[in-house]
Structures are given as C-alpha cells and as structure tokens.
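Below is one structure, written out as structure tokens; the observations come after it.
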There are 2 protein chains.
Amino acid sequence: MPAQPPPPKLPPLAAVRVFEAAARHQNFTRAAEELGMTQAAVSYQIRLLEDRVGAALFVRQPRQVALTAIGQRLAGPVGKALTDIGTVFRDICEANQTVLTISSLQTMAITWLSPRLAQFQIENPQFAVRVRTSQHLVDFATEAVDLAVRYGPGSWPGVAAEKLFACHYAPLCSPELRERLQLREAADLLRAPLLSPDETSWKVWFADLGLDQPQQGARAMSLEMQAMNVQAAMRGHGVAMAVPELFAYDIAAGRLVFAVEHAIRDQWAYWVVYPVERQRDRKIRLFRDWILAEARAAEMTLPFMASSLGLIHSSA
Amino acid sequence: MPAQPPPPKLPPLAAVRVFEAAARHQNFTRAAEELGMTQAAVSYQIRLLEDRVGAALFVRQPRQVALTAIGQRLAGPVGKALTDIGTVFRDICEANQTVLTISSLQTMAITWLSPRLAQFQIENPQFAVRVRTSQHLVDFATEAVDLAVRYGPGSWPGVAAEKLFACHYAPLCSPELRERLQLREAADLLRAPLLSPDETSWKVWFADLGLDQPQQGARAMSLEMQAMNVQAAMRGHGVAMAVPELFAYDIAAGRLVFAVEHAIRDQWAYWVVYPVERQRDRKIRLFRDWILAEARAAEMTLPFMASSLGLIHSSA
DNA sequence: CACCTGCCATAAAGAGAGCTTATGCTTCTG
DNA sequence: CAGAAGCATAAGCTCTCTTTATGGCAGGTG
C-alpha cells in the first residue's frame with residue numbers, strides 16, 4: 001500500500017540540479033563554479049537533460065545563455081523542489097548537531113564526567129552539551145536524552161550499552177595521612193580513622209583479606225555519601241572506601257592515594273548507553289567514541305589499578 | 001542577481017531518490033525492483049544518505065525496515081518535492097509530444113503536404129498533427145506554430161530554413177491530351193489550348209526557348225489559380241503552366257504529364273522553417289527530418305525533373 | 001526442532017556515467 | 001585587431017555506483 005501513487009518517471013536528478021544552478025545564474029560557467037565542476041560538465045548535463053525532455057532548455061546566444069519558454073516553465077518548480085529538499089535536510093542536520101543531551105547520575109557527573117566534558121565541548125563546538133542528572137533510568141523514548149551513563153550490571157532492554165569501566169572499592173586517603181600513619185598493609189587500617197566505617201564495603205573489603213573489622217553495622221553506601229567521604233579524605237580527615245575510578249583525576253594529581261593497595265571488584269560497572277536504533281547517528285558515535293576513549297585514558301592514569309588489576313583478588 | 005537565494009547544499013540526489021522509494025515501500029527489496037536495481041544498491045545508497053545526514057533513516061528490524069523519527073520527517077517533504085519535479089517534467093514532455101502544428105500556404109498544404117502527412121501521422125501516432133493554412137508569414141513568437149512551410153527566397157530573420165525543393169515551371173497536361181495533340185516540342189504548344197494563357201509564366205517559358213507567345217498580357221499567377229488550372233489540365237481541358245514539384249503525386253500516378261520536357265527555374269523555393277532556438281527539439285527534428293526526406297523522395301518521383309534537371313536552362 | 005524463506009548487510013570486483021582537459025568557434029570589447 | 005568571455009565538442013580517464021556473492025537473523029512450517 002504505497003502512501004503516495006508511484007511517482008512519474010524522474011529525469012536524471014544530477015542533471016536537474018545542474019539545470020537549476022544554470023537557470024539561476026543564466027550562465028554555465030558560473031553554475032559550474034557554484035557546483036564545483038567545470039563548464040564542460042555543465043554543458044554536458046544540460047545537453048543530457050535537453051535530450052531527455054526533447055526540447056532546448058536554453059537558447060545559446062553569443063555571450064550568454066537564456067532560458068527558452070520551456071526552460072522557464074521548468075526553472076520555477078524545479079528550483080522550489082530542490083530548495084525544499086535542501087531545507088529539510090539542512091534542518092534535520094542542524095537539529096541533529098545543535099544539542100547533545102547526556103543523562104548521568106549525580107556523582108558520576110560531578111566527579112568524572114563534568115571535568116572531562118569541557119574538553120569534549122572544546123573539540124566539538126558545534127554542539128551545545130547538556131548534562132541532566134537523575135537518579136532513575138532515563139527512558140529514551142520519552143525524554144529528550146541522546147546518551148546516558150548508567151551504573152549497573154550492564155544489560156538493559158532496547159539500548160546498546162558499552163562498558164566504561166568496572167568499579168572497584170579501595171581505601172583512599174590523602175598522601176599526608178598515609179605517610180603520617182605509616183599505612184603499608186591492610187591490617188594498618190584497623191588503627192586508622194575510617195570514614196563511614198559502618199558501611200558494608202569496609203566489612204567486605206577486610207573480609208576479602210581475611211581480616212575482621214571490629215566495628216559492626218551494614219549501612220549500604222550511597223554514592224553521594226561516598227563522594228563526601230572522599231572530599232573529607234582528601235582534606236586528611238581519614239580513609240574513605242570508594243570507587244577509585246571516579247576519582248582518577250584526584251589520584252593522578254596526587255591529592256588522593258590508595259591507603260593500601262588492595263581493591264575489591266564490584267559486580268556493577270559504569271556504562272554508556274543509547275538507543276540501539278541510534279547507534280549510527282553521528283552525534284551518538286562521536287560522544288560514545290569520545291567517552292570510551294576517556295574511560296580508557298582514565299584507567300591509565302590509575303597506576304595502581306592499571307598495574308595491579310590483574311593481581312587483585314576479586315570478591316565477585 | 002540570483003532570483004532565489006543560493007540554495008542550501010543538497011544531499012546526493014540519487015540517494016534521495018532511492019530513499020524516497022524505500023520509504024514509500026518500507027522495503028528495500030521492493031524499492032530496488034521499482035528502481036530497476038539490486039537490493040544491495042539500495043542498501044548502499046541509504047547508507048550513504050544516513051552517513052551524510054549523520055543519523056539513521058531506517059530501523060533495521062528482523063523482517064522489515066521502518067522509518068526512524070528522522071526518516072519520517074524527511075519522507076514527506078522529499079516525496080512531495082520529487083513528485084513535483086517528476087510532474088513538471090512529465091507535463092512538459094507531454095505538452096511537447098501531443099500537438100504538432102504546421103503552418104503552410106493553402107496550395108502547398110492541399111497538393112503536397114496533406115497527402116504525405118497521413119503517413120507521418122501513422123508513423124508518429126503520439127502527435128496530433130494540425131495543419132494551419134495562412135497567406136502571411138507566421139510569427140512563431142505569437143502563433144502556436146511549431147514549423148512552417150514557406151515559399152520564398154529562403155532567408156528570414158530568426159528562423160532556420162531548409163530548402164525542400166526549388167520550384168520550376170513547366171507545362172502540364174493529361175497524357176491523353178498530349179497524345180491527341182501530338183505534343184513533342186515547345187512550338188507544338190502554340191497550337192494547344194493553354195490554361196490561363198495570359199499569365200506571365202507562359203511568356204517567360206516561351207521566351208526561354210526563343211519563342212514568342214502570340215497572346216499578350218502579364219497577369220501574375222496566383223498559386224490557387226495554378227492549382228485550379230492543374231485540376232482542369234488533369235481532366236484534359238488544356239495545358240497548365242505550373243510547378244510540377246507540387247503535383248509529383250499526380251505525375252507519378254500518370255494522371256499528369258509534362259506536355260513538353262522543358263522547365264524554367266523559379267528563383268523562389270519551398271522551405272521548411274522553424275525557430276532557431278527550437279532546432280534541437282525532438283518534435284521539430286522529427287518533422288524536419290521527415291519532410292526533408294519526403295521532399296527528396298518526391299523529387300525522385302519526377303522522372304523528367306530528376307533526370308534532366310541539370311540539362312535545363314535556368315531562367316533565373 | 002530442523003529447515004526453509006524473506007529480508008538486509010557487507011565485501012569485492014566490475015562497468016560505465018560523468019568529469020576533466022584541451023581545443024575551437026563566435027561575438028563583444030577596448 | 002587582439003583579447004576576453006562563453007559555450008560546444010572530443011577524447012580519455014576516474015571514481016561512483018552497481019552487481020555478484022555471501023552471511024546473518026528471525027519467523028514460519030512440516
């Protein structure tokens with residue numbers, strides 16, 4: 001069931017485009033310039049179209065060409081049609097290039113994404129990049145979001161997901177604190193000031209090394225809390241159990257160090273996700289490629305993680 | 001001074017055409033059939049356009065393709081634009097193929113053109129051939145005439161003219177009359193019944209052979225009168241001084257013979273003429289080629305004229 | 001459950017449409 | 001009269017697009 005009746009046989013459209021330019025300029029040479037081809041090519045295409053129509057479209061006068069009656073009848077509608085086509089495509093391309101909306105969890109956005117996004121914006125000035133933070137999974141169908149960064153097991157329906165980095169938990173503190181307390185091995189932490197020591201992750205971490213943490217309690221750690229703890233740790237107030245990947249910048253800058261070189265692996269990871277049907281969109285690909293590269297690069301800036309990841313006993 | 005603002009950069013139009021068909025069918029394979037190419041080619045072109053736009057136009061589902069949101073936004077306007085282009089071209093082609101109007105002098109139309117035109121009509125049924133007779137020179141700019149047959153010296157401004165045949169004058173009569181009166185040489189005509197004997201052409205003809213026609217008078221011969229005289233001559237009523245080329249059919253059929261084998265050459269001729277700017281129009285060329293061929297063929301059917309033309313002393 | 005069919009993607013190879021280069025012609029101009 | 005502006009034409013080449021061939025995926029079907 002064709003939506004429209006099968007269209008009449010079309011003339012060679014390349015020739016039509018050339019005709020349109022030639023008609024507008026009333027000059028083959030200038031039309032050729034506009035189209036980025038030679039005058040001979042224009043002449044060739046016009047001739048082609050004239051043969052197809054069966055009538056001259058231009059009168060060749062000594063120093064100029066002029067449209068014939070038939071050429072004039074064509075020029076109007078053809079010009080309009082081509083302009084229309086050009087306009088639709090341009091509009092769509094622009095709409096598609098103007099705004100890039102990323103959805104992310106708050107912590108991720110603040111600690112990891114935002115610092116890096118500035119560079120992306122510089123490299124791709126054609127976009128206005130928006131970051132929307134939200135706690136829930138975005139629905140691409142209803143919300144105007146191009147890509148999202150999610151934290152989870154990595155399989156959501158209807159979206160393509162690519163892993164940015166697996167999450168680990170490791171004890172982080174300021175270099176000064178580690179020095180002052182002479183932190184060397186896990187057991188040393190039992191005498192160090194732990195930030196939010198009653199959280200599950202501490203228990204798991206110590207257990208992973210066969211140690212038993214004196215404090216009890218099992219409060220699930222919120223990511224926001226984690227970020228706050230890390231801020232405190234950086235100011236030397238104690239040791240925070242956190243996802244070091246999220247603080248790669250601070251670690252690379254020396255503001256933050258691993259209190260002890262042992263990490264446990266979380267079964268969840270951060271992913272960049274987007275609707276499967278948009279996987280070929282230029283702007284999707286552009287951002288996806290960029291953020292994946294950033295994630296790789298960020299891992300490289302984690303000397304401990306990078307070098308000893310393989311040696312670390314995973315708790316998963 | 002461009003009539004319209006320079007149009008936005010157009011996408012590859014071949015790909016646009018393929019997209020339109022694919023969008024209409026929601027099926028690459030069938031679009032390929034319609035366009036007379038392979039499914040792979042459609043796939044290639046769509047991909048090309050998608051890369052250009054920077055976004056997927058179709059969602060590839062297992063057993064079918066469906067337009068994406070962007071594809072849908074394109075399909076409407078693009079379909080309309082292409083239909084418009086197709087329509088303009090089709091209209092013009094048809095208008096250009098429907099009616100063929102020939103202008104001609106009355107005599108020429110009746111004695112020469114009409115009998116032959118039937119064959120042209122049979123060979124080119126796509127045209128409705130119209131013959132308009134008029135006494136004056138048609139103005140192609142104002143009158144809806146495609147070609148004209150003119151009698152004259154052969155040089156008119158703004159039109160291309162090609163000679164159909166030079167005109168001669170020769171005495172014509174029925175074969176019975178020639179036999180009965182035993183007409184052999186020019187002098188024999190002095191005792192024959194001449195039709196319109198007071199016309200200039202008789203005087204000139206006799207003079208060309210060094211004879212003096214007893215009758216005087218110098219009425220210019222009208223072409224209509226000439227045709228009537230020939231009709232009378234064919235019915236055996238006398239000898240007519242006429243342009244034998246116009247009666248080649250009757251001569252070939254044996255209804256009319258040269259009373260005496262001597263012709264004088266008129267400085268005027270019959271020409272087929274048409275506006276120079278339309279010389280490449282298919283319908284112009286078609287008719288021009290046909291009528292020129294007819295003129296050549298007609299000359300061939302004039303055995304006397306064809307064989308002895310070179311020997312005839314021209315009065316011009 | 002295995003098989004077949006419909007439909008699209010992809011890679012490689014081939015063909016030809018259309019572009020460029022070069023040249024000639026015509027007319028207008030200084 | 002020489003030069004410039006403009007278009008046509010011929011020859012040759014290039015690169016785009018097409019075809020051929022193949023594979024994958026999902027949904028019918030015996």
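Note that the structure is predicted; figures quoted are calculated from it, not measured. In what follows, every chain begins at residue 1, and chains take the letters A, B, ... in the order their sequences are listed.
- Rounded to a whole Å, the CZ atom of B:Phe58 is 15 Å from the C1' atom of C:dA9.
- In summary, A:Asp281 and A:Arg285 do not engage in a salt bridge, as defined by a charged side-chain N under 4.0 Å from a carboxylate O.
- The distance between atom CZ of A:Phe28 and atom C1' of C:dC19, rounded to the nearest whole Å, is 16 Å.
- Using a 4.0 Å cut-off between charged side-chain N and carboxylate O, A:Glu50 and A:Arg60 make a salt bridge.
- Between A:Tyr270 and A:Phe165, the two ring planes are tilted [angle within 30° to 60°].
- In summary, A:Asp146 and A:Lys283 engage in a salt bridge, as defined by a charged side-chain N under 4.0 Å from a carboxylate O.
- Whole-Å rounding puts the A:Leu49 CG to C:dA17 P distance at 16 Å.
- Taking the centre and axis of the six-membered ring of A:Trp112, the NZ or CZ atom of A:Arg116 falls inside the cone set by 45° and 6.0 Å.
- The aromatic rings of B:Phe120 and B:Trp290 lie tilted to each other, with the angle between the two planes from 30° to 60°.
- When rounded to the nearest whole Å, the span between CG of B:Leu13 and C1' of C:dA17 equals 16 Å.
- Contact annotation: A:Ser43 side-chain N/O to D:dT9 OP1/OP2 distance is not under 4.0 Å.
- One can place CD1 of A:Ile46 at 15 Å from C1' of C:dC19, the figure rounded to the nearest angstrom.
- Between B:Arg60 and C:dC7 there is no side-chain N or O to OP1 or OP2 distance below 4.0 Å.
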(message) Each nucleotide in nucleotides 11-26 of chain D should get exactly one letter: B, S or -. Can you fill that in based on protein heavy atoms under 4.0 Å?
(response) ------BBBB-----B

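- Atom CD of A:Gln64 is separated from atom C1' of C:dT26 by 14 Å (rounded to the nearest Å).
- Residues passing the salt bridge (Lys or Arg N to Asp or Glu O under 4.0 Å) test with B:Arg282, sequence neighbours excluded: none.
- Residue B:Arg47 contributes atom CZ, which lies 7 Å from atom C1' of C:dA9 at whole-angstrom precision.
- Rounding to whole angstrom units, CG of residue A:Asp51 and C1' of C:dG18 are separated by 15 Å.
- Side-chain N/O atoms of B:Asn27 include none lying less than 4.0 angstrom from OP1 or OP2 on C:dG6.
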